[in-house]
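Shown next, in structure tokens, is the structure this report addresses.
Positions are given from 1 along the sequence. We count ligands from 1, going down the list as the structure has it; atoms in each ligand are counted the same way. Note that these values count all heavy atoms, side chains included, but never hydrogens, waters or copies made by symmetry. Everything quoted here is computed from the prediction, not taken from an experiment.
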Amino acid sequence: MHTTAAQYSDTVDILVIGGGINGTGIARDAVGRGLKVLLCEKQDLAGATSSASSKLIHGGLRYLEQYEFRLVREALAEREVLLGNAPHIVHPMRFVLPHNKNLRPAWMIRIGLFLYDHLAKRSKNLPGSQQIPLGNTSAYALPLNDTIQKGFLYSDCNVDDSRLVILNAMDAQNRGAQILTRCECIGLETKENTWLATLRHQDGSIRQVQAKILVNAAGPWVENIQNLLARHSSKATDQSKLRLVKGSHLVTPKLYEGTHAYILQNKDKRIVFVTPYQNDFSMIGTTDVDFHGDPGTVAISPEETDYLLQSVNAYFKRPVRPEDIISTWSGVRPLYDDAQGNASTTTRDYVFDISGGTGSEPPLLSIFGGKITTYRKLAEHALEKLAPFTGKHQAWTSTAPLPGADLPNADINLFTSQLQKDFPWLPKDTASRYARAYGTLALAFLAGKTSLESLGQHFGHDLYEVEVKWLQEHEWASCAEDILWRRTRLGLHFTPAQTLALQNWLEKQTVN
Ligand SMILES: Cc1cc2nc3c(=O)[nH]c(=O)nc-3n(C[C@H](O)[C@H](O)[C@H](O)COP(=O)(O)OP(=O)(O)OC[C@H]3O[C@@H](n4cnc5c(N)ncnc54)[C@H](O)[C@@H]3O)c2cc1C
């Protein structure tokens with residue numbers, strides 16, 4: 001089903017470099033407008049920043065302090081759009097903001113939350129904000145220090161970030177785009193008003209693709225792509241416009257009961273989230289640190305670990321210690337450098353760098369910044385910017401569900417119950433995981449199955465052969481890491497021996 005090196009077309013309208021959220025979002029929008037699209041991703045889809053986020057679909061309450069009203073308004077509106085178009089992987093979440101009168105005064109938070117509720121059209125799906133007492137035995141107060149007497153409650157959403165990328169890639173492919181993973185763009189030049197790109201596959205084979213338009217969605221590597229071009233151009237590269245800002249997260253055993261999250265204020269004016277993660281865990285993050293190394297090897301530092309633990313321990317009753325940390329992840333935000341002194345106040349808004357389109361130079365659009373939350377709108381804006389060259393002005397994605405989103409009444413709980421009724425032998429947790437990862441796509445790999453045994457080999461922790469095969473055949477998964485960390489998130493449960501067994505099984509499949 002996937003495009004192989006031998007099959008793909010050598011001439012396209014748009015070549016997208018990068019299979020993160022922005023690249024796959026743009027590929028989907030472009031192919032839906034009737035353009036011939038090819039996307040190349042050097043590793044796995046969502047292999048970089050787009051699987052290392054805080055997994056929030058949010059307006060970004062703290063950006064109000066930086067007067068980023070445009071970004072917050074757009075993100076709040078997109079929250080609603082994504083809830084409608086991907087109700088299987090985007091879920092409402094209540095956030096508790098404990099009040100600390102030495103940091104922001106209550107009146108300031110009240111104004112901020114009022115704006116948050118009203119900047120975009122009032123949400124149909126999410127309750128508004130309110131002040132709440134915390135010096136009591138409410139579930140919200142339980143994990144917090146007794147000194148915290150009041151707080152605020154507001155709504156946002158969480159998302160499985162890497163699955164959002166996969167669903168965009170699937171939809172793009174279903175509409176005719178060619179999606180190539182483990183395929184790196186290693187050379188770029190212009191030829192007769194078009195781009196000539198050299199692509200290298202994992203097996204070492206090389207192909208050239210001719211494209212009318214180039215979209216550089218390489219995230220932290222955006223300027224590496226621009227530098228590939230500079231090799232063939234007389235123009236020297238401009239001064240860097242990219243600011244790489246690292247953010248890290250910790251995972252611990254579940255710190256409290258409930259589906260709500262905490263947003264904790266720090267003395268340095270930054271905030272840290274504590275959110276429930278996959279039933280059994282809590283996730284703590286994030287940091288904001290300027291980054292100068294290779295984005296491919298980013299990892300948490302001891303200072304970031306201390307910072308996150310101190311933030312939580314300033315609010316939570318039961319201390320979280322370094323030995324409680326089960327896992328960490330780090331990512332690099334590819335931000336547009338707006339010459340702010342502070343990494344945490346650098347704009348999160350996206351900026352397009354467009355060149356060419358006149359004379360003999362074909363159009364090139366490079367993307368800086370952005371959020372998972374605003375990817376769809378970013379893609380729409382990118383296609384609008386390119387419309388003078390494509391002639392395709394019709395936006396279409398705001399009401400187009402992503403694959404698996406056609407749940408009855410758009411209700412994930414209803415769909416989960418239905419799945420359990422239709423497949424009564426499926427353990428409750430497994431049915432729930434399938435529903436929240438695949439939505440109605442789960443029905444495709446469960447069709448005709450009558451028992452757990454009929455799901456094939458069991459790799460542990462409710463991962464069966466039928467799901468693994470689905471991921472290989474329909475979701476570009478090729479190794480255990482793709483499956484455990486970006487498709488199913490079962491990696492936290494798998495032992496090294498189980499991971500190795502899965503990897504060996506996958507390799508045997510490739511050989512046969
Ligand atoms: C710690 C952290 C927390 C965040 N939290 C949130 C959040 O809660 N909510 C939110 O909305 N946003 C959040 N963000 C922001 C969001 O994650 C990013 O804006 C978004 O993921 C960037 O996506 P991208 O597609 O631009 O980049 P990436 O996901 O990095 O994708 C770029 C891709 O290009 C590929 N590539 C590079 N060079 C080549 C080449 N030569 N050939 C082929 N492929 C190439 C890379 O392998 C990579 O997969 C967070 C970011 C970080 C770092």
What pairs of residues pass the salt bridge (charged side-chain N to carboxylate O under 4.0 Å, His left out) test when at least one of them lies in residues 328-347, not counting sequence neighbours? D288-R333
Modelled atom types, side-chain donor and acceptor of E80 and N125, under 3.5 Å: yes
R243 charged N/C atom sitting above F368 aromatic ring, 6.0 Å / 45°: no
Knowing that exactly one of R486, K55, R487, R489 qualifies, which makes a side-chain hydrogen bond (donor to acceptor under 3.5 Å, both in side chains) with S162?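 Exactly one candidate clears the test, R489.
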If you measure from the Lys or Arg side-chain nitrogens to the Asp or Glu carboxylate oxygens, is any gap between E78 and R376 under 4.0 Å?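 Answer for the salt bridge query: yes.
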Neighbouring protein residues of ligand 1 - any heavy atom closer than 4.0 Å: I17, G18, G19, G20, I21, N22, C40, E41, K42, Q43, A48, T49, S50, A52, S53, S54, K55, L56, H58, C183, E184, C185, A217, A218, G219, P220, W221, I225, G247, H249, T286, G331, V332, R333, G370, K371, I372, T373
Quick check, are the ring centers of F95 and F273 under 6.0 angstrom apart? yes
